[in-house]
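Structure first, then comments.
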Amino acid sequence: MGRRRPRRQIRRPPRRPPRPHPRPAPHRRHRHRRLPAREDLPVTTARPPIRLDRNESPIPWERLEYLRLDPETIRRYPDDAPLARAFAEDLNLHPDFILPTNGGDEAIALALEHLVPDGGRIAIPVPTFSTFEVVCDRLPRTLLRIPCAQDGAFPEKHLLDLCAQEQPEAVVLIDPNNPTGTPVPSGLPRLIRAAAPKTLIILDRAYADFARLDNDAELLAADDRLVIIRSLSKSPGVAGLRIGALIGDSETIAPAWESRLIFSVNSAAVALGVEALRDTEARRRCVDAADAARPILLDALRNLGVPALAGPTNFVLARFGVAAADIVRNCAQQGLLLRDLSACPVFPGAVRITLAEPDTLRAALDILQPVAARALNRSTATEKSPAQ
Ligand SMILES: Cc1ncc(COP(=O)(O)O)c(C=O)c1O
């Protein structure tokens, strides 16, 4: 038997006093944060909330037969070429023009990050879709915000003057605009091009079906510094699948192609997206549902004495004034979610309301009308009361 080795002494490091909790890193604050997407919603009712805060399709998606997927589709990494072809077919373009993306959001991020240079200035009519502001906040880009008119009209003259004087690296136009619903005047891209020959024009057409806009090919043929963003979240009604596209001349969008994650659109989204794009009947039903719901909601708002902006989209911008945030909060507590834009500097006190099919809209109005009437009465009473 060998000699027992002396036990090695393990030297413990001297005990350190416990560290104080590290300070949380300061959060970057965004002026236009989206509402919480998951379960942290301010809803206290037992039934699921009525979501009229995210501009989803006004009608349920019914094509369950599309959900039957070939198992090989699941086993293999995705190939988004069929989706590019379906977009191309729908818009009468060559598939080389189409970069399929994980929703319109990814198309926006790719365009702002890879088609606009660092330090680039981006002219944008406001109010606008929050993703443009959130993405630009994180990048070395400067937004040149141009307020829309009080009737929601695009600030055409101001925008053209700015383009002529500043020659910004990019201009963003949303057609029709979110949240005002206003369509872009049809000759505006051409006028911008004349004023600023090199400026990239980013034309977001997420809501194009509602406005029956289908001249994408014509616009792209006339201008190789114009790119279009499309989404299948709105009229094709498949927001959960996350499908969009960045569309443009292949040389113009090449930097986005080179930088994208190649599998960002998954196989189920490719297969179902092709069907959703081709299903023109379902898309038309969705547009018709929005057209039918719009006057009902506008009527209800008029009865409350609330002015509103509404265009050919699936939402309405209601101007509740000082009572807006209160109304959104109280509706949420009763199970109706609306998009609070009350801090919007151009339209203070605004709330965006998504249109819905009749039963849902009726249930929503049953909550909104009494809540709004009470809050509006309270705010009028406060305004009338003598200053303390
Ligand atoms: C103007 C605009 N562009 C793009 C998007 C993003 O759409 P997606 O759901 O495809 O990311 C939205 C969504 O609300 C939008 O309003």
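All values derive from a computational prediction rather than experimental measurement. In listed order, ligands and their atoms are each counted from 1.
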Looking only at heavy atoms, what is the nearest atom pair of G237 and S57, with distance?
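Looks like CA-CB, 3.5 Å.
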Of all the heavy atoms in [X], does at least one lie under 4.0 Å from an atom in ligand 1?
{"X": "N55", "value": "no"}
{"X": "E106", "value": "no"}
{"X": "R54", "value": "no"}

For ligand 1, which atoms, with element, lie under 4.0 Å from some heavy atom of [X]?
{"X": "G103", "value": "10 (O), 11 (O)"}
{"X": "S231", "value": "7 (O), 8 (P), 10 (O)"}
{"X": "D204", "value": "1 (C), 2 (C), 3 (N), 4 (C)"}

Please step through side chain to side chain donor-acceptor pair (under 3.5 Å) for the pair T131 and D105, ending with a clear verdict.
CA-CA 7 Å; T131 295; D105 273 352; 3.1 Å; yes
R329 side chain near V371 side chain, heavy-atom distance below 4.5 Å
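Not in contact.
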Ligand 1 N/O within reach of N102 N/O, cut-off under 3.5 Å
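So ligand 1 has no N or O lying under 3.5 Å from an N or O of N102.
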Using atom types as modelled, flag every donor-acceptor pair under 3.5 Å from a side chain in residues 182-189 to any protein atom, sequence neighbours excluded.
from: T182; atom 1: OG1; to: G152; atom 2: O; distance (Å): 2.7
from: T182; atom 1: OG1; to: T180; atom 2: OG1; distance (Å): 3.1

Between A239, G104, A206, flag the one that comes closest to atom 8 (P) of ligand 1 by a heavy atom.
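The nearest heavy atom belongs to G104.
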Between T101 and A245, is there a donor-acceptor pair closer than 3.5 Å when you use the side chain of the first and the backbone of the second?
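Looks like yes, one N/O pair under 3.5 Å.
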Please check: side-chain N/O of R76 versus main-chain N/O of S267, any donor-acceptor pairing under 3.5 Å?
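No; zero donor-acceptor contacts below 3.5 Å.
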